[in-house]
A.B. asks: 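Submitted below is the structure of interest, expressed as structure tokens.
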There are 2 protein chains.
Amino acid sequence: MRTPFRQPQASVTVDCVVFGSDEEGLKVLLIERGVAPFKGAWALPGGFVRENESLDEAARRELREETGATSVYLEQLYTFGEPLRDPRGRVVTVAYYALVKLSDHRVLQATTDARAAAWMPIGKLPRLAFDHRQIFDSALRRLQAKVRYQPIGFELLPRTFTLSQLQRLYETVLERTLDKRNFRKKILAMALLIETDRMERFVSHRAARLYRFDQRKYKALESKGFNFEL
Amino acid sequence: MRTPFRQPQASVTVDCVVFGSDEEGLKVLLIERGVAPFKGAWALPGGFVRENESLDEAARRELREETGATSVYLEQLYTFGEPLRDPRGRVVTVAYYALVKLSDHRVLQATTDARAAAWMPIGKLPRLAFDHRQIFDSALRRLQAKVRYQPIGFELLPRTFTLSQLQRLYETVLERTLDKRNFRKKILAMALLIETDRMERFVSHRAARLYRFDQRKYKALESKGFNFEL
DNA sequence: GCAAAAGTGTTAACTTTACACCCATGT
DNA sequence: ACATGGGTGTAAAGTTAACACTTTTGC
């Protein structure tokens with residue numbers, strides 16, 4: 001980066017808390033570090049911001065490199081800058097969190113380049129490098145808060161999904177059970193789900209209707225002041 | 001700062017959006033720049049993060065230097081890092097927003113050290129240096145969102161205040177009118193205001209009762225899952 | 001025919017909104 | 001005595017929460 005004037009300097013990194021969801025619950029993508037410091041420890045995917053790159057661009061690039069996923073929900077979370085958070089020197093990290101559709105199998109493929117990568121259930125994470133545990137905790141809190149008033153849950157589901165899948169996702173993220181009838185009533189009342197003519201298949205019980213989230217309609221309503229809530 | 005390894009370097013600054021409130025409405029503290037770039041333009045108070053200082057410490061130091069205020073509400077907002085946002089080189093800024101009690105006159109005194117400083121009504125800000133307009137806009141949106149579910153409005157009022165003052169503050173921040181009876185009912189129902197035995201004075205109408213916010217009680221309730229809301 | 005999850009309405013409790021007049025004080 | 005803002009209650013509308021049985025499918 002250009003640093004043509006005398007002021008203290010630091011390195012700037014981005015770290016991404018990448019959430020995915022499958023039948024087993026919420027997971028986060030971790031990378032096993034191949035080099036010191038914290039060699040062999042698990043860490044959040046991330047890396048240094050390059051000279052001519054914005055922070056968002058850096059986060060998106062890291063995400064693409066680590067997961068192969070290109071169109072994911074990505075949002076800046078918080079910036080961590082304790083002087084001693086990295087033993088190599090002063091490193092300020094801008095943390096992001098991302099939501100990816102684990103159902104897009106592309107996501108997992110690219111993660112096995114050289115380093116080990118794994119989707120870990122958020123309930124039993126290993127010890128993490130640097131202050132990454134703290135970063136993860138912030139991200140989870142943010143996700144739990146945001147899911148209640150922004151329709152970001154859909155970013156974790158396949159393009160079409162059943163109402164029960166959607167409800168289970170909310171129950172997982174919010175860590176509480178929801179009433180089936182009330183949940184359906186409320187979510188359908190928003191009229192933001194498009195009922196497809198397709199049904200679940202290969203299930204050994206009554207097949208559920210598949211729905212799609214109506215992004216266009218949401219954008220339109222949102223700009224008119226509509227507020228998605230729970 | 002220590003930078004003992006080969007990676008791109010940047011300078012890191014903190015910039016603070018300092019809100020205050022008086023009879024005229026919401027104001028923000030601006031500083032007139034004495035040096036290039038943007039010499040003579042108005043800017044948010046801020047400065048470089050020092051070698052052994054965390055981001056929060058840097059923000060608090062800047063705030064103290066610019067306003068003299070020490071115990072203010074301070075929260076990290078967002079980090080801005082477009083490669084060209086500062087013509088001097090790569091400068092990543094971690095933005096904070098702060099709420100100060102303008103009624104504590106100490107606040108204004110210290111602002112007149114060498115540079116011009118002014119509390120400007122948020123409705124008619126001058127053109128700002130760098131990307132500070134964008135930073136201000138983010139801060140205002142955050143304040144408007146947060147004031148609805150966290151009792152931060154009290155940080156802008158004197159220690160004791162009337163219910164009408166509180167209501168006016170909310171009306172100013174949220175940019176809409178509120179019903180007097182409903183507002184009082186709701187805020188008193190939370191039982192977070194302590195009714196003092198003191199009344200307003202020197203007013204040419206019936207004197208209003210003064211209240212204090214019960215910070216202790218709020219902390220206690222909050223940790224039990226209580227949610228302050230509007 | 002049984003196990004498993006899908007789908008469907010009603011009622012009571014609670015919350016929110018709308019609304020108007022008398023009271024205390026200073027000039 | 002008047003102007004100014006302080007202080008107070010109720011009812012209707014809307015929202016949330018609690019709750020149980022029938023349907024469809026695969027095995």
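In this text, all values refer to a predicted model and were calculated from it rather than measured experimentally. In what follows, chains are A, B, ... by sequence order, proteins preceding strands, each numbered from 1.
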A.B. asks: Quick one: on DNA chain C, does B:Ser204 or A:Glu200 contact a more 5' nucleotide (nearest heavy atom)?
C.D. replies: A:Glu200
A.B. asks: Between the side-chain atoms of A:Arg181 and the base atoms of D:dA17, is any donor-acceptor pair under 3.5 Å?
C.D. replies: no
A.B. asks: Classify the side chain of A:Lys185 versus the base of C:dT10 as yes if they form a donor-acceptor pair under 3.5 Å and no if they do not.
C.D. replies: yes
A.B. asks: Not counting sequence neighbours, which residues clear salt bridge (Lys or Arg N to Asp or Glu O under 4.0 Å) with A:Arg181? List them please.
C.D. replies: none
A.B. asks: Side-chain N or O of B:Arg184 versus OP1/OP2 of D:dG7: is the shortest distance under 4.0 Å?
C.D. replies: yes
A.B. asks: Can you figure out which of D:dG9, C:dG9, C:dA24 approaches the side chain of B:Asn182 most closely?
C.D. replies: D:dG9
A.B. asks: Taking C-beta and beyond as the side chain, do A:Leu63 and A:Pro45 meet within less than 4.5 Å on heavy atoms?
C.D. replies: no
A.B. asks: Do A:Thr160 and A:Arg209 have side-chain N/O donor and acceptor atoms under 3.5 Å apart?
C.D. replies: no
A.B. asks: Would you mind reading off the distance between A:Glu195 atom CD and C:dA6 atom P, rounded to a whole angstrom?
C.D. replies: 15 Å
A.B. asks: Taking only the side-chain heavy atoms of B:His205 (C-beta and beyond), determine which of D:dA18, C:dA6, D:dT4 contains the nearest atom.
C.D. replies: D:dT4
A.B. asks: Over how many whole Å does the gap from B:Arg209 atom CZ to C:dA24 atom P extend?
C.D. replies: 12 Å
A.B. asks: Pick the closest DNA chain C nucleotide for B:Asp179 and for A:Leu188 by heavy atoms, then say which residue is nearer the 5' end.
C.D. replies: A:Leu188
A.B. asks: Quick one: does B:Lys101's side chain have a donor or acceptor within less than 3.5 Å of a partner on B:Phe154's backbone?
C.D. replies: yes
A.B. asks: Determine: side-chain N/O of A:Ser164 to OP1/OP2 of C:dA6, distance under 4.0 Å, yes or no.
C.D. replies: yes
